[in-house]
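Okay, so here's the structure we're looking at.
Chain letters run A, B, ... following the sequence lines, proteins first, then strands; residues in each count from 1. Keep in mind that this is a model prediction, so the values were computed, not measured.
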There are 2 protein chains.
Amino acid sequence: MEPKTKRRASIGARRSPETEAAVKAAARELLAEKGYAGFSIEEVARRAGAGKPTIYRWWPSKADLFIAIYGADKDAAIPVPDTGSLRDDLLLYTKDLWRFWREDTAGRVFRGLIAEAQTSEGALAALRFKFMPERLASPRKMFLRAAERSEFPADEIDDRLELWVGFNWLHVLTDRLSEDEPSLPHKIALLCR
Amino acid sequence: MEPKTKRRASIGARRSPETEAAVKAAARELLAEKGYAGFSIEEVARRAGAGKPTIYRWWPSKADLFIAIYGADKDAAIPVPDTGSLRDDLLLYTKDLWRFWREDTAGRVFRGLIAEAQTSEGALAALRFKFMPERLASPRKMFLRAAERSEFPADEIDDRLELWVGFNWLHVLTDRLSEDEPSLPHKIALLCR
DNA sequence: GTTGATCTAAACGGACCGTTTCGTTATGTC
DNA sequence: GACATAACGAAACGGTCCGTTTAGATCAAC
């Protein structure tokens, strides 16, 4: 089950990139295999062949580790379309997002982060003030452009964005991310009135 | 800290209402005090002066206990308005709902249930197929009546309802339920176009 | 009376938590 | 070249909670 890398000794008074990579990889793998339920720092350490203190040194909370492995992949994996219509942009982007959540470990990471935020103040703060603003920057562009095209008033940008976000959260948290969710186009259309 | 009821012996071959009440009360109390983070079956049993096996007998999972203590209070606490306008109905209902989530233990219970659903298949199923349909019956009436008044086509009822639900989830999960959330009327209005 | 389901208490093995201690290893500085 | 510094993994700490099992006591129904 575990490739059990040979021991990585310290490389001196600096952080070991190998260890960092091994921990992130083990965390991803573990999440992919067992989901958030079977996720523990203990097990991550075992698989990574790392010491728990090492993990706690660099990722003081589970939320930090989650955020780290969610990574910048999302922006890379999901292009922000610009078709000239918010409706079409949103449909494309949302389908890509759902695919990303389905196929990558990302969906599980994200669900875990939200769950964690319900039990930990620190995780909630990280979610609200770090993770969300960063991750919403991309999709926000679509709404911004639509407002510039006068599809709706500029002061509605963030309200519409949040409605779209809530809609996505609802689906990911209830594990309804199927490819051909029939209501998707309708709901998207509603957000573009 | 614990009133420590005197031991409740078995009352024979039927479920003890006293025990049931004591467990629910202890669970509410514990959630109110410590939130979902500090919630454990162990502690509930301690406070209720009940045996853990008794709790596991009647509430096989945490989710079951959550659902039981969320109870029918919501329908009692939150009237479904009928002003003749979806916009006004939704605004009133949403404000009441947020107040309910803020003031009662309910908000914490709900957040706990959603978090639990991310780690447990059973909890997710309970949330999707039992809790949500039951709890959404009331607010759905507002959308239904609006469609009957031809405020929008009848086939949009559930899509609009879900957008509203997602919006509420987003706020409760990020702990943004303040009385005077300025964006609330705007977002509600958007849902009524 | 007997049967049977319920109750609490107590203890079980197991999993994690987050921390501390320890000996090792390499870096950067003097 | 010597040395403080900092990161590394292993092991163990005390603690909490899980879900289950065993046991003895209670009471209702038959």
Side-chain angles (χ1 to χ4, degrees), chain A residues 1-24 26-27 30-31 33-66 112 115-116 119-123, chain B residues 1-24 26-27 30-31 33-66 112 115-116 119-123:
Chain A
M1 180 150 294
E2 59 290 69
K4 210 54 177 176
T5 37
K6 54 202 65 144
R7 171 171 180 154
R8 285 180 304 278
S10 166
I11 57 169
R14 27 177 269 266
R15 179 171 188 169
S16 159
E18 268 185 55
T19 296
E20 182 177 358
V23 168
K24 284 190 193 170
L30 182 56
L31 268 166
E33 262 178 48
K34 307 198 182 173
Y36 179 62
F39 186 90
S40 75
I41 299 288
E42 193 104 18
E43 176 73 12
V44 172
R46 256 195 301 274
R47 293 196 182 203
K52 279 201 293 173
T54 303
I55 297 184
Y56 279 108
R57 174 166 20 246
W58 299 114
W59 300 276
S61 76
K62 240 182 230 185
D64 289 285
L65 186 50
F66 280 140
E116 193 67 14
T119 75
S120 143
E121 278 302 317
Chain B
M1 177 147 295
E2 59 290 67
K4 210 55 179 174
T5 36
K6 55 201 63 144
R7 170 171 181 157
R8 285 182 303 278
S10 165
I11 57 170
R14 24 179 270 267
R15 179 171 187 171
S16 160
E18 268 185 58
T19 297
E20 180 176 0
V23 169
K24 283 189 193 170
L30 182 57
L31 268 166
E33 263 177 50
K34 307 199 181 173
Y36 179 62
F39 187 90
S40 74
I41 298 287
E42 191 104 18
E43 176 72 12
V44 171
R46 255 195 302 274
R47 293 198 183 203
K52 280 201 293 174
T54 303
I55 297 184
Y56 279 108
R57 175 168 15 248
W58 300 113
W59 299 276
S61 77
K62 241 185 228 186
D64 290 285
L65 187 49
F66 280 140
E116 191 69 13
T119 75
S120 143
E121 277 302 318

Would you please confirm or rule out a distance under 4.0 Å between OP1 or OP2 of [N] and any side-chain N or O of [X]?
| X | N | value |
| --- | --- | --- |
| T54(A) | dA7(D) | no |
| T19(A) | dA7(D) | no |
| S16(A) | dA7(D) | no |
| R15(A) | dA6(D) | no |
| W58(A) | dA7(D) | no |

> For residues 53-66 of chain B, which residue pairs qualify under salt bridge (charged side-chain N to carboxylate O under 4.0 Å, His left out), counting only residues two or more places apart or in two chains?
Replying inline: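 Sorted pair list comes back empty.
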>> Does anything in residues 41-66 of chain A form a ring pair (Phe, Tyr, Trp, His ring centres under 6.0 Å)? List the pairs, not counting sequence neighbours.
In response: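 Residue pairs with at least one partner in residues 41-66 of chain A: Y36(A)-F66(A), F39(A)-F66(A).
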> Where along nucleotides 12-18 of chain C does protein come under 4.0 Å, by heavy atom, of base (B) or sugar-phosphate alone (S), with - for untouched nucleotides?
Replying inline: ----SBB
>> Run the side chain to side chain contact (heavy atoms under 4.5 Å, CB included) test against A26(A) and tell me which residues pass, sequence neighbours left out.
In response: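 V44(A), R47(A), A48(A).
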> Can you tell which of dC8(D), dT6(C), dT20(C) lies closest to the side chain of R57(B)?
Replying inline: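 Looking only at side-chain atoms, R57(B) lies closest to dT6(C).
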> Can you name the salt bridge (charged side-chain N to carboxylate O under 4.0 Å, His left out) partners of E42(B), sequence neighbours left out?
Replying inline: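 Salt bridge (charged side-chain N to carboxylate O under 4.0 Å, His left out) check on E42(B) returns K52(B).
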> Taking only residues two or more places apart in sequence, or in another chain, which ones meet K24(A) in a salt bridge (charged side-chain N to carboxylate O under 4.0 Å, His left out)?
Replying inline: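 Once residues adjacent in sequence are excluded, the partners of K24(A) under the salt bridge (charged side-chain N to carboxylate O under 4.0 Å, His left out) criterion are E20(A).
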> Separation of R8(A) atom CZ from dA10(D) atom C1', in whole Å?
Replying inline: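 Rounding to the nearest Å, CZ of R8(A) and C1' of dA10(D) are 13 Å apart.
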> Hey, are the side chains of T54(B) and V23(B) touching, using non-hydrogen atoms and a 4.5 Å cut-off?
Replying inline: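 T54(B) does not reach V23(B) side chain to side chain.
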